[in-house]
Structures are given as structure tokens and as C-alpha cells.
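To start, the structure itself, in C-alpha cells.
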Amino acid sequence: MKAKSIITFILIMSVASVYGQTNKDSLLVFVGEKIEVVAAPEEKKEESVRTVIKGNDTSYVKQVTIRMDSKYIAKYKVLQLINSSYSNDTIEFVVYDHYGEPAFAKYSTVLLFVSYYKGKLYHEKYQFFPLYLTTDNKWASPYSSEDYNHSYKDNITVKPEKISFKDKVSYEIDKFPSKNIETRFPKPYYKIKNGKAIAVYGNYVNELFILKQETILKARRIY
């Protein structure tokens with residue numbers, strides 16, 4: 001009789017949208033001010049071992065689960081509700097991110113997209129806009145080359161416009177290859193000066209929501 005051990009790996013990666021979420025009415029879109037974003041490691045599941053006997057051969061199959069995304073709990077103050085209904089002034093939701101700490105956690109104020117699933121709120125994976133106050137005290141975000149060049153870009157009905165930000169919004173570009181600079185910070189939407197890309201164009205929050213509706217949220221079949 002021969003005996004052998006086999007290890008099988010189950011890789012779990014949270015899907016782009018919230019587990020097949022398709023109901024646009026349950027999508028919360030809001031301007032949020034960061035309170036905290038903290039790591040929330042998943043509890044490790046016990047490894048399961050099953051015995052498979054075929055003739056004179058016995059195999060011991062061990063299943064090991066590996067989650068490919070890091071889990072975080074985010075808490076934000078709701079400054080402005082853009083879509084759906086929500087009565088509290090703070091909101092807490094689950095975030096899964098393949099690259100570690102969510103990118104939106106780097107900014108103090110953001111436009112966020114979260115969806116309900118079985119009574120809990122989950123972040124629509126990777127979807128947000130950093131927000132900055134304008135000289136007329138509105139929230140806006142600089143031109144997003146990623147969204148305006150989405151594969152669904154032919155659906156886009158909004159256009160970037162010149163935005164007068166209260167404080168200059170700029171990005172360090174010294175370490176970017178020139179080709180990446182042209183793609184990510186194209187003219188005339190950005191002005192390149194002294195190793196920085198300075199935002200000139202952008203969109204206000206209502207247009208930013210439409211931009212997502214007509215691209216990534218449409219691709220995810222939420223809209």
C-alpha cells in the first residue's frame with residue numbers, strides 16, 4: 001500500500017464589486033471625512049484533511065485557504081450624501097484590497113462608493129475620488145485619466161472643466177517616466193512645473209458620480 005500527502009490551496013480574492021451586487025438603489029455614494037481605517041485580519045481557518053483511498057493507494061489531502069486580499073474596517077464622517085439614503089452622520093464599512101492599505105486612506109476627504117450585502121456595507125473595490133475644496137467652497141477632484149480612459153469611455157457624457165481649487169493641488173512627478181506623466185497627467189488638464197503636475201481641470205462631485213456610473217459601475221452592472 002502506498003501513502004502520499006497532497007496539499008491543495010484555495011485562493012480567495014474578493015470580487016471587484018460586492019459579491020454580484022447589482023441593485024443601484026443600495027449603492028451609497030457620499031463625501032466622507034476620514035476618522036480611521038484599520039486593518040482587520042481574517043481569522044485563520046483550521047486546515048482540513050481528508051483521506052482518499054483508491055485500491056492500494058491512500059492519499060491524505062490537506063486544504064489550505066489563502067486570502068489574496070487584506071481586510072480593513074473604515075470609519076468616516078458623512079459630509080454630504082450623493083446617492084441613496086443614510087441617516088447617521090458617521091459610517092463604517094468593510095474594505096478588501098489586494099495591495100494592502102486602501103489608497104483612499106491617504107486622503108482626508110474622499111468621494112466613496114459602498115454597497116449593502118446581507119445587511120453590511122462593503123466598499124466598491126478601488127472606487128473613490130480624492131476631494132479638495134474649491135474657491136467657491138464646493139468639493140471637486142482633479143482630472144482622472146483612469147476614469148476618462150476607461151474601456152467604456154464612449155458612454156461618458158460629462159466633461160472635465162477648469163477648477164479653481166482653494167489650495168493648489170499638485171503631485172510630485174520626479175520619479176515618473178515621461179511616458180507615464182503624459183498618460184496620467186496630460187495637458188491641458190495638468191500644468192507641469194518644477195517637478196510637479198498641478199491640477200487645472202477636474203469635476204465636481206455630482207459629475208464624478210456620473211463619470212463612475214457611465215464607466216466602472218456600468219461595467220459592474222450596477223448601472
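- Using a cut-off of 4.0 Å between Lys/Arg side-chain N and Asp/Glu carboxylate O, D97 and K125 are scored as not salt-bridged.
- Among all heavy-atom pairs drawn from F165 and P142, the shortest one is CZ-N, 4.0 Å.
- Without hydrogens or angle criteria, N180 side chain to F176 main chain gives no donor-acceptor distance under 3.5 Å.
- Using modelled atom types and a 3.5 Å distance limit, the side chains of S115 and E124 yield a donor-acceptor pair.
- Among residues two or more places apart in sequence or in another chain, the side-chain hydrogen bond (donor to acceptor under 3.5 Å, both in side chains) test is passed with S151 by none.
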Should K212 and H150 be marked as a side chain to side chain contact (heavy atoms under 4.5 Å, CB included) after you check the CA-CA gap, both sets of side-chain angles, and the distance that decides it?
CA-CA 10 Å; K212 289 292 188 187; H150 188 273; over 6 Å; no
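- Checked against a 6.0 Å centroid threshold, the rings of H123 and F128 do not count as neighbours.
- Shown here for V31 and V205, the closest heavy-atom pair between the two residues is CG2-CG1, 4.0 Å.
- Atom-to-atom distance recorded for I210:CD1 and L217:CG is 12.0 Å, nearest 0.5 angstrom.
- Tracing side-chain contacts under 4.5 Å through hydrophobic residues (I, L, V, M, F, W, Y), one never reaches L28 starting from I35; they form parts of separate clusters.
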Go through it in stages, so that I can follow the logic: the residues are Q127 and I216, the test is side chain to side chain contact (heavy atoms under 4.5 Å, CB included), and I'd like the CA-CA distance, side-chain angles, deciding distance and then a yes or no.
CA-CA 9 Å; Q127 302 311 305; I216 186 65; 3.2 Å; yes
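- The shortest side-chain heavy-atom distance between Y204 and I163 falls under the 4.5 Å cut-off.
- Hydrophobic clustering keeps Y152 apart from Y148 (ILVMFWY residues linked when any side-chain heavy atoms are closer than 4.5 Å, directly or through intermediates).
- The two residues A74 and V95 make their nearest non-hydrogen contact at CB-CG2, 4.0 Å.
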Passes side chain to side chain contact (heavy atoms under 4.5 Å, CB included), Y107 versus K34? Steps please.
CA-CA 8 Å; Y107 304 94; K34 180 182 174 182; over 6 Å; no
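- For the 3.5 Å distance criterion, the side chains of K218 and Q213 fail to qualify, holding no donor opposite an acceptor.
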Under the criterion side chain to side chain contact (heavy atoms under 4.5 Å, CB included), I'd like the reasoning laid out for F30 against V114: C-alpha separation, chi angles, the key distance, then a yes or no.
CA-CA 9 Å; F30 63 95; V114 300; 4.0 Å; yes
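- Note that the CD1 atom of I181 and the CD1 atom of I173 stand 4.0 Å from one another [nearest 0.5 Å].
- A salt bridge does not link E207 to K159: none of the charged side-chain nitrogens sits closer than 4.0 Å to a carboxylate oxygen.
- Inter-residue side-chain proximity for L27 and Y223 is flagged as met; some heavy-atom pair is nearer than 4.5 Å.
- Contact of the S141 side chain with the L111 side chain is not registered, since no non-hydrogen atoms from C-beta on lie closer than 4.5 Å.
- A continuous path of ILVMFWY side-chain contacts below 4.5 Å connects V94 to V38, so both sit in one hydrophobic cluster.
- Rounding to the nearest 0.5 angstrom, the gap separating the CZ atom in F104 from the OH atom in Y126 is 11.5 Å.
- Residues N88 and T90 have side chains that never bring a donor and an acceptor to within less than 3.5 angstrom of each other.
- In this structure the side chain of V110 reaches within 4.5 angstrom of the side chain of Y76, judged on heavy atoms.
- Side-chain atoms of T157 and E214 form a donor-acceptor pair, as typed in the model, at a separation below 3.5 Å.
- Side-chain contact between F185 and Y171: present, with at least one pair of heavy atoms (C-beta onward) separated by less than 4.5 Å.
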Identify each donor-acceptor pair in which a side-chain atom of residues 187-200 lies under 3.5 Å from a protein atom, sequence neighbours left out, and give them as a table.
from : atom 1 : to   : atom 2 : distance (Å)
Y190 : OH     : Y143 : O      : 2.7

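- You'll find the side chain of Y96 stays beyond 4.5 Å of the side chain of Y72, heavy atoms only.
- Under a hydrophobic-cluster definition in which Ile, Leu, Val, Met, Phe, Trp and Tyr are linked whenever side-chain heavy atoms come within less than 4.5 Å, directly or via other members, L133 and L131 are assigned to the same cluster.
- Taken together through direct or relayed side-chain contacts under 4.5 Å among Ile, Leu, Val, Met, Phe, Trp and Tyr, V37 and L79 form part of one hydrophobic cluster.
- Considering all non-hydrogen atoms of both residues, Y86 and L81 come closest at N-CD2, 3.5 Å.
- Proximity of the aromatic rings of Y122 and F93 is defined here by a centroid distance below 6.0 angstrom, and this criterion is not met.
- Applying the 6.0 Å contact sphere to CD of E146 captures no more than 12 heavy atoms from other residues, nucleotides or ligands.
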